[in-house]
Amino acid sequence: KKMNFTDTVTLIMGCTSAFSVVICVIVVTIVTLLGLCKHFMYRLATYQVVGALLMNVATGLAFLSYAGLSSRGPTCPVIAFVNVYFTWIKLLLTLGMTVHVFSYVVYRKSLAYLEWFYVAFSVLVPLLFSWVPFVTHNYGQADPNLGCFIDAPNTTSALHRNGIIEEYSIYYGPLLILMTLDMVTITGMAIYVKRRSLTHTSSVMSSSLNNPYEAHRQGLLYFSPLLAYPMLFFVIILVSCLVNLLRVLGVQTSNWLELTAVVLLASAGWIAGAILSAHLCCVHTYMKRETVPFEIEQRTPLVEDS
């Protein structure tokens with residue numbers, strides 16, 4: 001039997017999700033075995049990989065619903081709930097990391113002591129609202145080609161309209177708004193760092209870490225790769241929201257646009273794993289060039305031991 005476009009997308013989604021989950025598990029295992037989790041900066045990065053891992057577990061389950069293996073009966077609402085809940089965990093982990101980096105860049109203050117709150121907040125807060133579509137019966141098979149998500153099976157009913165409202169009040173709307181604010185914050189940080197570096201270039205006469213500006217500059221080199229995670233997540237959310245909005249408005253979407261959205265969602269894990277791996281390699285290479293690499297790690301607030 002010849003595969004149609006939907007079957008092709010389904011297969012790509014399933015294979016890419018599985019690959020992403022494997023990469024995330026490998027990267028987290030390596031970070032743990034190397035003992036890097038004792039440093040706050042690496043824990044922040046690891047949380048991003050774990051969040052991406054959860055997202056791709058959700059896309060893997062969605063693959064089953066796309067494939068028709070679990071799109072009927074009680075399992076479909078559960079898959080839809082997992083999709084929403086895990087995506088919100090990833091969102092809050094990303095926003096929290098930006099807050100930590102912002103505190104270091106602007107105020108030179110580490111928020112490592114709030115780590116327990118950061119993790120608990122990211123995991124528990126989504127439970128306050130992700131259960132709502134269960135009550136309104138809007139978790140289910142949104143569309144024969146969309147698998148299990150927030151919507152109603154009958155597209156002409158009032159339940160369908162309620163499903164659309166819940167899609168944008170619980171999922172797409174908050175994700176897009178919050179990630180846009182996150183990107184505005186990152187842009188502001190970049191402008192702040194650039195202006196500050198120009199202001200103090202002439203005053204930094206020594207590369208010694210006894211110089212506070214030099215110590216801060218060293219810290220910036222460590223945290224910079226962390227900003228790749230929210231940028232990646234913003235692109236994923238933006239494309240996904242665009243495809244869904246066009247679908248809701250009844251606009252015929254390009255097959256390639258839909259494929260791009262699916263591939264981006266399913267690739268979140270392996271890309272996050274690749275970013276963390278590159279981050280480790282860059283830091284290791286930089287430390288080898290420095291005459292006092294361990295002193296940097298001990299005195300830079302963002303990478304201090306907790």
Not counting sequence neighbours, which residues clear side chain to side chain contact (heavy atoms under 4.5 Å, CB included) with [X]? List them please.
X: I177; value: L181
X: L280; value: V31, L36, Y42, L276
X: I89; value: L54, Y85, F86, L93, P126
X: T32; value: V28, C37

How long is the span from the [atom1] atom in [X] to the [atom2] atom in [Y], to the nearest 0.5 Å?
X: L226; Y: M231; atom1: CG; atom2: CE; result: 11.0 Å
X: S267; Y: I12; atom1: OG; atom2: CD1; result: 10.0 Å
X: M97; Y: L92; atom1: CE; atom2: CG; result: 13.0 Å
X: R43; Y: H100; atom1: CZ; atom2: NE2; result: 10.0 Å
X: Y104; Y: K109; atom1: OH; atom2: NZ; result: 13.5 Å
X: M183; Y: L238; atom1: CE; atom2: CG; result: 10.0 Å

Considering only heavy atoms from C-beta outward, does the side chain of [X] approach that of [Y] to under 4.5 Å?
X: L61; Y: N83; answer: no
X: M41; Y: H279; answer: yes
X: D182; Y: L178; answer: no
X: T94; Y: Y229; answer: no
X: L111; Y: L114; answer: yes
X: P133; Y: I170; answer: yes
X: E115; Y: Y47; answer: yes
X: I237; Y: Y172; answer: no

Taking only residues two or more places apart in sequence or in another chain, which ones pass ring pair (Phe, Tyr, Trp, His ring centres under 6.0 Å) with [X]?
X: F234; result: none
X: F233; result: none
X: F121; result: F117

Search all heavy atoms of [X] against all heavy atoms of [Y] and return the closest pair with its distance.
X: E167; Y: I150; result: OE2-O, 2.7 Å
X: A268; Y: L232; result: O-CD2, 4.1 Å
X: E166; Y: T136; result: OE2-OG1, 2.7 Å
X: V49; Y: A272; result: CG2-O, 3.8 Å
X: P174; Y: S169; result: CG-O, 3.1 Å

Task: Partner set under side-chain hydrogen bond (donor to acceptor under 3.5 Å, both in side chains) for T16, not counting sequence neighbours - done: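 Per chain and number, T16 pairs via side-chain hydrogen bond (donor to acceptor under 3.5 Å, both in side chains) with no residue.
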Is it the case that one hydrophobic cluster holds both [X] and [Y], taking links as side-chain heavy atoms less than 4.5 Å apart, direct or via other members?
X: I191; Y: V106; result: no
X: V101; Y: V184; result: no
X: I23; Y: L33; result: no

TODO: Decide side-chain contact (heavy atoms from CB on, under 4.5 Å) for R247 and E258; before the verdict, give the C-alpha distance in whole Å, the side-chain angles of both, and the deciding distance to 0.1 Å.
DONE: CA-CA 10 Å; R247 178 179 67 86; E258 294 186 6; over 6 Å; no
Open item on the list: Ignoring hydrogens and geometry beyond distance, is a side-chain donor-acceptor pair present between Y171 and N244 at under 3.5 Å?
Closed with: no
Open item on the list: For the residue pair T59 / N56, report whether a side-chain donor-acceptor contact shorter than 3.5 Å exists.
Closed with: yes
Task: Plane angle bin for F81 and F134 - parallel if under 30°, tilted between 30 and 60°, otherwise perpendicular - done: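 Rings of F134 and F81: tilted, 30 to 60°.
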Side-chain polar contacts of residues 259-266 - donor-acceptor pairs under 3.5 angstrom, sequence neighbours left out - could you list them?
unit_1 : atom_1 : unit_2 : atom_2 : d
T260   : OG1    : W256   : O      : 2.8

Task: F149 and Y139: CA distance, side-chain angles, deciding distance, ring pair (Phe, Tyr, Trp, His ring centres under 6.0 Å) verdict - done: CA-CA 6 Å; F149 194 58; Y139 273 143; 7.9 Å; no
TODO: Output yes when a side-chain donor or acceptor of S103 lies under 3.5 Å from a complementary backbone atom of V99, and no otherwise.
DONE: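 It does not hold such a pair.
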Open item on the list: Donor-acceptor check, side chain of Y168 to backbone of L245, threshold 3.5 angstrom: yes or no?
Closed with: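 Between the backbone of L245 and the side chain of Y168 there is a qualifying donor-acceptor contact (under 3.5 Å).
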TODO: Among residues two or more places apart or on two chains, list those pairs meeting side chain to side chain donor-acceptor pair (under 3.5 Å) that have a residue in residues 119-133.
DONE: none
Open item on the list: Please evaluate residues F129 and W88 with respect to the criterion ring pair (Phe, Tyr, Trp, His ring centres under 6.0 Å), reporting the C-alpha separation (whole Å), side-chain torsions for both, the decisive distance (0.1 Å), and the verdict.
Closed with: CA-CA 10 Å; F129 47 82; W88 263 97; 4.7 Å; yes
